[in-house]
There are 2 protein chains.
Amino acid sequence: MHIPTLRHIDDDQCRHFLSAVELVGQRWSAAILLALHRGDTRFSDVRASVIGISDRMLAVRLKELVGDGLVERTIIPTTPVQVRYGLTPRGADLLGSLQPLVQWGQRWNDQPAEAATAS
Amino acid sequence: MHIPTLRHIDDDQCRHFLSAVELVGQRWSAAILLALHRGDTRFSDVRASVIGISDRMLAVRLKELVGDGLVERTIIPTTPVQVRYGLTPRGADLLGSLQPLVQWGQRWNDQPAEAATAS
DNA sequence: CTGGATCCCTATCGATACTG
DNA sequence: CAGTATCGATAGGGATCCAG
């Protein structure tokens, strides 16, 4: 299902945009990406960082993100096999592209939204 | 429920980010915002633009977006009451802040992300 | 035309239990 | 530690009907 489309889309800008939003808009996805960005590399690290996420969802989202090329999964064949997760360049770039959102949040957080409409 | 949180959040950057993502990550929301940005002002216009959306969901999302201060609802008391929708400055700014996502999509779209994982 | 109210179904998610 | 499998609860979302 997902990824809504618009009528008479002139360019694929819209689709890029919508699919990217859809991607990172998935529940937990953004938080996971952020946790990885912050330095978490282990499954359990991320699980501990992202409050309230379940094993299942973390595994599911992680798999999705790996499939989308945003996260890289590395297996270190030590005695007890270690698994490391990390952002791919693509994933890191996505987070970077999302930075303006942070500014946006700060910019309009204080402003009473009605002040704009009420001239 | 939503808006996941991270442990030991140093600043509210994370929360701003996560709540913004959560906001626009809602199904249809981004597409609706885009339709409004493109010039649609009527309920039926947006419904026609956003492929597959139902009356109910459009009404629900529109109400949410208005509540979030991203969309402005104007009632024109003509004979058959007219209702106009449009982005608020805040909403327009949000879309602007999402622009880098478009670039991101184009930048990494060609790169075969699966090549890394694919066998 | 613009939406509110219902019904109902499905996908999604959480918890638990189990395996390598 | 790093998951997978199963199951049950829930709420998101679609279709339909109705009202202003």
Side-chain angles (χ1 to χ4, degrees), chain A residues 1-7 18 21-33 35-36 39-68 71-86, chain B residues 1-7 18 21-33 35-36 39-68 70-86 117:
Chain A
M1 51 135 142
H2 359 39
I3 306 199
T5 45
L6 294 181
R7 260 186 51 245
L18 290 177
V21 165
E22 185 76 11
L23 213 69
V24 78
Q26 285 282 15
R27 192 133 134 94
W28 303 117
S29 292
I32 294 173
L33 253 17
L36 292 177
D40 290 344
T41 58
R42 305 303 217 309
F43 186 90
S44 46
D45 290 343
V46 178
R47 185 179 45 194
S49 289
V50 181
I51 307 216
I53 196 171
S54 65
D55 287 0
R56 200 183 71 91
M57 282 317 298
L58 180 54
V60 169
R61 287 289 178 263
L62 238 19
K63 188 172 286 187
E64 287 179 2
L65 293 172
V66 169
D68 291 328
V71 169
E72 185 182 22
R73 177 194 158 112
T74 311
I75 301 182
I76 306 177
T78 50
T79 318
V81 178
Q82 286 189 24
V83 181
R84 301 297 201 103
Y85 290 96
Chain B
M1 56 128 144
H2 15 29
I3 307 197
T5 45
L6 294 181
R7 260 185 53 246
L18 290 177
V21 165
E22 185 75 10
L23 213 68
V24 79
Q26 285 283 13
R27 191 137 137 90
W28 303 117
S29 292
I32 293 173
L33 254 16
L36 292 177
D40 290 345
T41 57
R42 306 301 218 307
F43 186 90
S44 46
D45 290 342
V46 179
R47 184 180 45 196
S49 289
V50 182
I51 307 217
I53 196 172
S54 64
D55 287 1
R56 200 183 73 91
M57 283 317 297
L58 180 54
V60 169
R61 287 288 178 265
L62 238 21
K63 185 172 286 188
E64 286 180 2
L65 293 172
V66 169
D68 291 329
L70 302 179
V71 169
E72 184 183 23
R73 175 195 158 110
T74 310
I75 301 182
I76 306 178
T78 50
T79 317
V81 177
Q82 286 188 25
V83 180
R84 302 296 202 101
Y85 290 96
T117 69

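Chain A is the first sequence line, chain B the second, and so forth, proteins listed ahead of strands; every chain is numbered from 1. Both backbone and side-chain heavy atoms feed into the values below; hydrogens, waters and symmetry mates do not. Computed from a predicted structure; not experimentally measured.
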What integer distance in Å separates [X]:[atom1] from [N]:[atom2]?
| X | N | atom1 | atom2 | value |
| --- | --- | --- | --- | --- |
| B:Leu58 | C:dG4 | CG | C1' | 13 Å |
| A:Glu22 | D:dG13 | CD | P | 10 Å |
| A:Ile53 | C:dA15 | CD1 | P | 11 Å |
| B:Arg61 | C:dT2 | CZ | C1' | 18 Å |
| B:Asp40 | C:dT2 | CG | P | 11 Å |
| A:Met57 | C:dA11 | CE | P | 15 Å |

Which heavy-atom pair separates A:Val50 from A:Ala35 by the least distance, and what is that distance?
->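 Looking at all heavy atoms of both residues, the shortest contact is CG2-CB, 4.2 Å.
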
So, is A:Arg27 close to the D:dG12 phosphate, meaning a side-chain N or O under 4.0 Å from OP1 or OP2?
->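 For D:dG12, neither OP1 nor OP2 has a side-chain N or O of A:Arg27 closer than 4.0 Å.
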
Contacts of type side-chain contact (heavy atoms from CB on, under 4.5 Å), residue [X], not counting sequence neighbours:
| X | answer |
| --- | --- |
| B:Arg56 | B:Ser54, B:Val60 |
| B:Leu62 | B:Ile32, B:Phe43, B:Leu58, B:Tyr85 |
| A:Thr79 | none |

Residues in side-chain hydrogen bond (donor to acceptor under 3.5 Å, both in side chains) with A:Thr41, at least two apart?
->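 side-chain hydrogen bond (donor to acceptor under 3.5 Å, both in side chains) check on A:Thr41 returns A:Arg84.
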
Does A:Arg61 have any side-chain hydrogen bond (donor to acceptor under 3.5 Å, both in side chains) partners at least two apart in sequence or in another chain, and if so, which?
->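 side-chain hydrogen bond (donor to acceptor under 3.5 Å, both in side chains) check on A:Arg61 returns A:Gln26, A:Glu64.
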
Qualifying salt bridge (charged side-chain N to carboxylate O under 4.0 Å, His left out) pairs with a residue from residues 73-82 of chain B, counting only residues at least two apart or across chains =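 For residues 73-82 of chain B, and leaving out neighbouring residues, there are no salt bridge (charged side-chain N to carboxylate O under 4.0 Å, His left out) pairs at all.
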
Between the two end axes of the helix from C:dC1-D:dG20 to C:dG20-D:dC1, each built from 5 base pairs, what angle do you get to the nearest 10°?
->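 Inter-axis angle at the termini of the helix from C:dC1-D:dG20 to C:dG20-D:dC1: 50°.
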
Of all residues at least two apart in sequence or in a different chain, which pass the salt bridge (Lys or Arg N to Asp or Glu O under 4.0 Å) check with A:Asp45?
->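 A:Asp45 satisfies salt bridge (Lys or Arg N to Asp or Glu O under 4.0 Å) with no residue once adjacent residues are dropped.
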
List, with names and distances, any nitrogen or oxygen atoms from the protein found under 3.5 Å away from nitrogen or oxygen atoms belonging to nucleotides 1-7 of chain D.
unit_1	atom_1	unit_2	atom_2	d
D:dA2	OP2	A:Ser44	N	3.0
D:dA2	OP2	A:Ser44	OG	2.9
D:dG3	OP1	A:Arg73	NH1	2.3
D:dG3	OP1	A:Arg73	NH2	3.2
D:dG3	OP1	A:Tyr85	OH	3.2
D:dG3	OP2	A:Tyr85	OH	2.4
D:dT4	OP1	A:Lys63	NZ	3.0

